[in-house]
Amino acid sequence: MVAAIQFNGDSATRKVVVTGNYLMSQDYGIEVLSQVTELIVSGNQFLNSGVSVAADFFEGTIVGNDFFLTSGNNNGGVYIETDNSGDILIDSNKINGARRHGIYIDDGPGASGVNDCVISNNLITGPGTQGPANTYDGIHVAGAASRNYIHGNKIIPRSSNGTRYGINMAGSGDCNVIVGNHLGDPANYGTDALAPGTGNILTYPNDPTYGDNFTECPPESP
Amino acid sequence: MARFTGTGTMELGGRYSRMYDCRVETVGGVVMSGSDQKLENCEFVFSQVRVSDNSRRVIIRGNYIIPNDQPGILFLGRNDGAVVVGNVIADGVGGG
């Protein structure tokens, strides 16, 4: 079992549009293993398959897709593990029943971070169906990721506290902005609705426990 | 409808080539190279579409692809301006 669509070359691919496809796989719907820029993934149906990026550089737009992930091999919704990357837009996707995290951002082997991305307006329902409970999050940001904007997402946790965090800022980066997400009652999560990390800018109106831990952030890169 | 069987690989190369309304059952499938190619309305049964390095502006539209333990569409290198639209890629539907 392999990806429905795979990018795996020795040189960079750019300006590719993948739209309106039905991608059914027990592995990945789209798997990016080599450098791709200006990739647009829009309006596709993914059945039991997500998007996985494990390339040394990536830049793209993942908008308006529908992920239905009740089975498959360890599939999350959108997994980005890359270095020196940014300008990634993940917006308005429906991610239903992710086996692991709904959306996952992390460094590649170079540990240099995924920065200046926007993760917005996604509806993530019941992430972490692959056991054990209290292991996976709606949105998980790890590594050195900084200056990312996480806004307007709605996350509905699994029943019986099966989802660990709604949003988990688990990395060492800072200056990420987390604002206006609807996570629901923290008691419905295995651990909590939000793990804010340090040095991030928070606005979380549902629970005043999470104050503004803003620290002075450097200007964003052009 | 043209039907292709066997173990070989077909190449859709040059410029402005078009392949449509066909059924491909070869394990090697179709390799798209060159530029401005179209692959439309074909069935790939336990087969594959590959887009080779240095191809430009290929369109892969409206195909039904059942891969056989390999990616349904595989991009190999620099493929500027490809459009993949309206395909069904259904791994695990049959054997393989």
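Residue numbers begin at 1 in each chain, while the letters A, B, ... track the order of the sequences.
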With chain A, which of G62(B), S52(B), P71(B), G72(B) has the greatest number of heavy-atom pairs at distances under 4.5 Å? P71(B)
Please output the side-chain donor-acceptor pairs of residues 49-61 of chain A that fall under 3.5 Å, not counting sequence neighbours, one pair per line with the distance.
from   : atom 1 : to     : atom 2 : distance (Å)
S49(A) : OG     : L23(A) : O      : 3.1
S49(A) : OG     : L47(A) : O      : 3.4
E59(A) : OE1    : E38(A) : N      : 3.0

Gap separating the NZ atom of K15(A) from the CZ atom of R57(B), nearest 0.5 angstrom: 12.0 Å
To the nearest 0.5 angstrom, please state how far the CD1 atom of I65(B) sits from the CE atom of M24(A). 14.5 Å
Any donor-acceptor pair under 3.5 Å linking the side chain of N21(A) with the backbone of N87(B)? yes
Taking CZ in R61(B) as the centre, count heavy atoms belonging to other residues, nucleotides or ligands within less than 6.0 Å. Is the count above 12? no
Rounded distance (nearest 0.5 Å) linking atom CG of D91(B) with atom CG of N48(A): 10.5 Å
List for me each residue that meets ring-ring contact (aromatic ring centres under 6.0 Å, His included) alongside F67(A), sequence neighbours excluded, and say none if there are none. F46(A)
Y149(A): partners by ring-ring contact (aromatic ring centres under 6.0 Å, His included), with sequence neighbours left out: H151(A)
Which bit of T19(A) is near chain B, if near means a heavy-atom gap under 4.5 Å: side chain, backbone, both or neither? both
Roughly how far, to the nearest 0.5 Å, is CG of L33(A) from CZ of F75(B)? 13.5 Å
To the nearest 0.5 Å, tell me how far S11(A) OG sits from D53(B) CG. 3.5 Å
List the steps, then state whether side-chain contact (heavy atoms from CB on, under 4.5 Å) holds for V17(A) with V84(B). CA-CA 6 Å; V17(A) 178; V84(B) 181; over 6 Å; no
If you check every heavy atom in residues 76-83 of chain B against those of chain A, which residues fall under 4.5 Å? L76(B), G77(B), R78(B), N79(B), D80(B), G81(B), A82(B), V83(B)
Kindly indicate, with the supporting measurements, whether the criterion side-chain contact (heavy atoms from CB on, under 4.5 Å) is fulfilled by L74(B) and N8(A). CA-CA 7 Å; L74(B) 175 59; N8(A) 191 6; 4.1 Å; yes
Side chain, backbone, both or neither: which part of A4(A) has an atom under 4.5 Å from a heavy atom of chain B? both
